[in-house]
**Student:** 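Provided herewith is a single structure, encoded as structure tokens, for subsequent inquiry.
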Amino acid sequence: MATPLKILVPVKRVKPRVNKAHTAIETSGIKHSMNPFDEIGIEAAVRLRERGTPTVSDIIALSIGPAKCTDVLRTAMAMGADRSIHVQIEPSDTHGELEPLGVAKLLKKVAEAEGSNMVILGKQSIDDDSNQTGQMLAGLLGWGQATQASRIEFREGEEGLVRVTREVDGGGDAEGEVADDCDDGFEA
């Protein structure tokens, strides 16, 4: 791959506890943190850079949400992201939280504006478990995708292809290839 990678990694600030009645998320007295699967996405981007092939020119962490999301962006930068972008959206009584399609549309705009040629998303968010945004983003961008990846490789002499390994039910691995410009859901 001759073109350096500009990797966009969305990171979500999550509320990790359900209330005792199992009817809502408990937020009082709870420290919010980065979705652990998004941490794995940042780590994957940093590992790609450390390998050196292909060249990674930029790792951009992106968070969409209230002003308090800046804490997860600082964490992402401490882990190795070069820059961060915060799309500040406050939940309201009229529209509540963003749905996966709304997030995918925002990610598409940012990926295009930044010239990103790879997006690494966590496999799902621990607060809603929807696992929809990555697939919707790939469809909106018209990019190939690999979901639930456990390993991403760019092999010398195989320009234009990304080899992805994913864990499958029963404990085995499945390998596949997707074209460059892929939206890559990453799971450890």
**Student:** Using atom types as modelled and distance alone, determine if a side-chain donor or acceptor of Ser63 lies under 3.5 Å from a backbone N or O of Val11.
**Tutor:** yes
**Student:** Hey, are the side chains of Val56 and Arg51 touching, using non-hydrogen atoms and a 4.5 Å cut-off?
**Tutor:** no
**Student:** State the OG1-NZ distance between Thr55 and Lys6, to the nearest 0.5 angstrom.
**Tutor:** 14.5 Å
**Student:** Mark yes or no for whether Asp58, through its side chain, and Pro4, through its backbone, hold a donor-acceptor pair below 3.5 Å.
**Tutor:** no
**Student:** Do Arg49 and Asp82 have side-chain heavy atoms sitting under 4.5 Å apart?
**Tutor:** yes
**Student:** Between Ala81 and Ile42, what is the shortest heavy-atom contact and its length?
**Tutor:** CB-CD1, 4.5 Å
**Student:** Using every non-hydrogen atom in the two residues, find where Val9 and Gly41 come nearest and quote the distance to one decimal.
**Tutor:** CG1-C, 3.9 Å
**Student:** Which residue in the set Val119, Ile7, Leu8 passes side-chain contact (heavy atoms from CB on, under 4.5 Å) when paired with Ile60?
**Tutor:** Leu8
**Student:** Using side-chain heavy atoms (C-beta onward) and a distance below 4.5 Å, is Leu107 in contact with Ile64?
**Tutor:** yes
**Student:** Using a 4.5 Å cut-off on heavy atoms from C-beta on, say whether the side chain of Ile120 contacts that of Leu48.
**Tutor:** yes
**Student:** Distance from Thr165 atom OG1 to Arg151 atom CZ, nearest 0.5 Å?
**Tutor:** 3.5 Å
**Student:** Counting only heavy atoms not in Lys105, do more than 12 sit closer than 6.0 Å to its NZ atom?
**Tutor:** no
**Student:** Find the distance between CG (Asp38) and CZ (Arg13) and round it off to the nearest 0.5 Å.
**Tutor:** 13.5 Å
**Student:** Enter the distance from Asp71:CG to Met34:CE here, rounded to the nearest 0.5 Å.
**Tutor:** 8.5 Å
**Student:** What residues, two or more places apart in sequence or in another chain, satisfy salt bridge (charged side-chain N to carboxylate O under 4.0 Å, His left out) together with Glu114?
**Tutor:** Arg83
**Student:** Minimum heavy-atom separation for Lys108 to Leu137, with atom names?
**Tutor:** N-CD1, 3.5 Å
**Student:** Mark yes or no for whether His86, through its side chain, and Lys68, through its backbone, hold a donor-acceptor pair below 3.5 Å.
**Tutor:** no
**Student:** Might you confirm whether atom CD of Glu43 has over 12 heavy atoms from other residues, nucleotides or ligands at distances under 6.0 Å?
**Tutor:** yes
**Student:** Ser57 side chain to Leu5 main-chain N or O, any donor-acceptor pair under 3.5 Å?
**Tutor:** yes
**Student:** Kindly give the heavy-atom pair with the smallest separation between Gln88 and Pro66, and that separation in Å.
**Tutor:** CG-C, 4.3 Å
**Student:** Say whether, by atom type as modelled, one donor and one acceptor occur between the side chain of Glu90 and the main chain of Ala67 under 3.5 angstrom.
**Tutor:** yes
**Student:** Drop me the distance from Thr70's OG1 to Met77's CE, to the nearest 0.5 angstrom.
**Tutor:** 12.0 Å
**Student:** Measuring from Arg47:CZ to Ile40:CD1, what's the distance to the nearest 0.5 Å?
**Tutor:** 8.5 Å
